Amino acid sequence: MAEDRSDAIIVTCTAPVNIAVIKYWGKRDEELILPINSSLSVTLHQDQLKTITTAAISRDFKEDRIWLNSKEEKIDHPRLQSCFREIRRLARKRNSDNKGPSLHLNLSHKVHIASVNNFPTAAGLASSAAGYACLVYTLAKLYGVEGELSAIARQGSGSACRSMYGGFVQWIMGKSAEGMDSIAQQVAPETHWPELRILILVVSSEKKSVGSTAGMQTSVETSLLLKYRAERIVPERMKEMIDCISQRDFAKFGELTMKDSNQFHATCLDTFPPIFYLNDISKRIITLVHQYNAYYRETKVGYTFDAGPNAVIYTLEHNISEFVEVLKYFFPPECNGEPFVKGLSFESISLSGNITASIGMEPCPGGIQYIISTKPGPGPQLVNNADLHLLGLDGLLKKTSYTLSSSSESERTSV
């Protein structure tokens, strides 16, 4: 809900994180952020993971300002400016077309923005996707802009376009040089597959030696496998994945998710010099998943890894209790006073010795720092409680009870 007092108009919104099951890696246009292949992701539920953004506009503000995770940052970043420019352009067009109330005065006023994440940077999640999706959605609400917004969010962070929708979302690569057809579309809403569950296994909080943006550029320049993947493999996989989701076929969904993750990391190894995002714990998790599935002789669990060592696990609700116990057995948690499993709750059960014996791995204490449990969720939301605004009527940062991340949204990029 917009708050309008003392000439200040304030809007607060939230937006979700998304995790790709068909990966985006590589751009054909760096400035417009146009990908070399289409991709598909699952939007995570905002009850566990989200970005919160407040935007305020007033004639009393002297300049545009932005605070990211409680720290004021420069607002002249080209990607930020692209989002501002496009939203304001659409607002001017809306005024000139006489669609809705006049905002001519507001368009000349300055804007203050504050944005925080309710998840820690240590989770290794793509805060850039949620951050830019939330920025674009909030600015659109502030200026009264409606319609297709994913192409604008894409210009902030490529994968942000997928966070503009809930459930299962594809980012269509498009063919236009201007990028007008490179947009996100919802494949199915979050209610389509209510049994699907997601576990984020936080393995490491160390900064990556090769950032995603630099890694993509090097892969595009040097990896023949990446070119083959984009042209020959991904188009068919997109069709297969959409079909799996439509039919709620978890066995095929899980297998295809794992294969695409593996191929993405193979392209990183095929890059010259090679890029190593997985570590030894990542590889142990991969082995564990395959051994677990082999025990049941079916794909009950699937993994995917973005550009980092932390695993994202997909499974169904009736499997989650047992698989979490398997994770606890083979990666005994360290006693540090913090809960090992956070987020969506589930029933605790006793683990059969037959499973652990069949898997046959040596336990690795402390290998997984903690787990976030969640499920598919909705797209961006308007916050109707003015008490949750991050900015006051003076346009300055308020104290907030949200859990803050310690790094800016630009530091993490999803694939």
Side-chain angles (χ1 to χ4, degrees), residues 19-23 40-42 168 187-188 192-201 203 229 233-234 236-266 278-306 309-333 340-341 344 346-364 367-368 371-376:
I19 299 293
V21 290
I22 302 295
K23 304 295 188 185
L40 196 148
S41 62
V42 181
F168 305 83
V187 172
H192 171 71
W193 204 345
E195 303 85 7
L196 191 65
R197 292 294 181 269
I198 302 142
L199 298 171
I200 300 157
L201 312 186
V203 169
R229 164 182 161 75
I233 304 297
V234 171
E236 188 60 32
R237 278 190 177 166
M238 288 290 293
K239 296 176 185 177
E240 290 179 32
M241 184 60 79
I242 291 172
D243 188 55
C244 292
I245 292 167
S246 175
Q247 297 183 32
R248 294 189 288 272
D249 185 336
F250 184 81
K252 290 182 179 178
F253 172 85
E255 181 178 332
L256 193 56
T257 295
M258 291 186 284
K259 285 181 175 180
D260 201 74
S261 176
N262 293 342
Q263 189 178 78
F264 157 58
H265 286 280
L278 305 183
N279 63 17
D280 289 342
I281 300 300
S282 309
K283 296 170 188 175
R284 290 175 70 92
I285 292 170
I286 290 172
T287 300
L288 174 63
V289 168
H290 285 290
Q291 293 289 83
Y292 181 81
N293 288 336
Y295 174 80
Y296 282 105
R297 297 183 180 180
E298 65 174 298
T299 301
K300 293 172 74 74
V301 175
Y303 57 77
T304 188
F305 294 81
D306 281 349
N310 299 328
V312 177
I313 300 293
Y314 290 98
T315 190
L316 296 178
E317 185 176 14
H318 65 267
N319 297 326
I320 194 167
S321 294
E322 182 181 79
F323 189 70
V324 168
E325 292 303 319
V326 168
L327 290 171
K328 289 180 180 178
Y329 182 88
F330 288 103
F331 299 95
F340 184 58
V341 182
L344 202 63
F346 47 85
E347 184 182 2
S348 180
I349 65 168
S350 297
L351 190 62
S352 165
N354 292 336
I355 296 176
T356 57
S358 176
I359 292 173
M361 291 172 52
E362 287 294 322
C364 181
I368 296 174
I371 298 170
I372 301 174
S373 170
T374 186
K375 63 182 180 179

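Small disclaimer: the values here were computed from a predicted structure and weren't measured.
- Side-chain contact check for Ile285 versus Leu201: some heavy-atom pair is nearer than 4.5 Å.
- Taking every heavy atom of both residues into account, Arg284 and Met361 meet most closely at O-CE, 3.6 Å.
- Taken to the nearest 0.5 Å, the CD atom of Glu322 stands 3.5 Å off from the CD1 atom of Ile355.
- Between Glu255 and Lys252 there is no salt bridge, since no side-chain N of the basic residue sits under 4.0 Å from a carboxylate O of the acidic one.
- Test Ile320, Val42, Ile19, Thr304 against Ile198 for side-chain contact (heavy atoms from CB on, under 4.5 Å) and you get one pass: Val42.
- The 12-atom threshold is exceeded at CG of Asp243, counting heavy atoms of other residues, nucleotides or ligands nearer than 6.0 Å.
- The CD atom of Glu317 lies 4.0 Å from the CZ atom of Arg197; values are rounded to the nearest 0.5 Å.
- Taking each heavy atom of Tyr303 and Ser261 in turn, the nearest pair found is O-CB, 4.3 Å.
- Here the closest heavy-atom approach between residue Gly360 and residue Phe330 is recorded as N-CZ, 4.5 Å.
- Using a 4.5 Å heavy-atom threshold, the side chains of Ser348 and Glu325 count as touching.
- Scanning both residues, Val301 and Phe250, for their nearest heavy atoms gives N-CE2, 3.7 Å.
- For the pair Phe253/Val21, a side-chain contact is recorded, criterion being any heavy-atom separation below 4.5 Å from C-beta on.
- Rounded to the nearest 0.5 angstrom, Asn262 CG and Thr257 OG1 are separated by 10.5 Å.
- Taking 4.5 Å as the limit, every side-chain heavy atom of His318 sits out of range of all side-chain heavy atoms of Glu195.
- In terms of modelled atom types and a separation under 3.5 Å, the side chain of His265 and the main chain of Asp260 share no donor-acceptor contact.
- Between Ile313 and Phe323, the shortest heavy-atom distance links the atoms CG2-CE2, 3.9 Å.
- Using a 4.5 Å heavy-atom cutoff, the side chains of Leu316 and Leu196 are in contact.
- Here the CG-NZ distance, from Leu40 to Lys23, works out to 11.0 Å after rounding to the nearest 0.5 Å.
- Taken to the nearest 0.5 Å, the NZ atom of Lys300 stands 7.0 Å off from the OG1 atom of Thr315.
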**OP:** For the pair Phe340 and Val324, evaluate side chain to side chain contact (heavy atoms under 4.5 Å, CB included) and give the outcome as yes or no after the intermediate values.
**Re:** CA-CA 10 Å; Phe340 184 58; Val324 168; 5.8 Å; no

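- Side chain of His192 to main chain of Ile245: a donor-acceptor pair is present (N/O by atom type, distance under 3.5 Å, no hydrogens or angles).
- The closest side-chain heavy-atom distance from Glu240 to Asp249 is not below 4.5 Å.
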Subject >> Val203 and Phe305: CA distance, side-chain angles, deciding distance, side chain to side chain contact (heavy atoms under 4.5 Å, CB included) verdict >> reply: CA-CA 11 Å; Val203 169; Phe305 294 81; over 6 Å; no

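- Using a 4.5 Å heavy-atom cutoff, the side chains of Pro309 and Leu278 are not in contact.
- We find the CG-CD1 distance between Asn310 and Ile281 to be 11.0 Å, quoted to the nearest 0.5 Å.
- Between Arg229 and Val234, some side-chain heavy-atom pair lies under the 4.5 Å cut-off.
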**OP:** Mind running side chain to side chain contact (heavy atoms under 4.5 Å, CB included) on Thr299 and Met258 for me, showing each step along the way?
**Re:** CA-CA 10 Å; Thr299 301; Met258 291 186 284; 3.9 Å; yes

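- Residue Leu288 comes nearest to Phe331 through the heavy atom pair CD2-CE1, 3.8 Å, listed as atom of the first residue, atom of the second, then distance.
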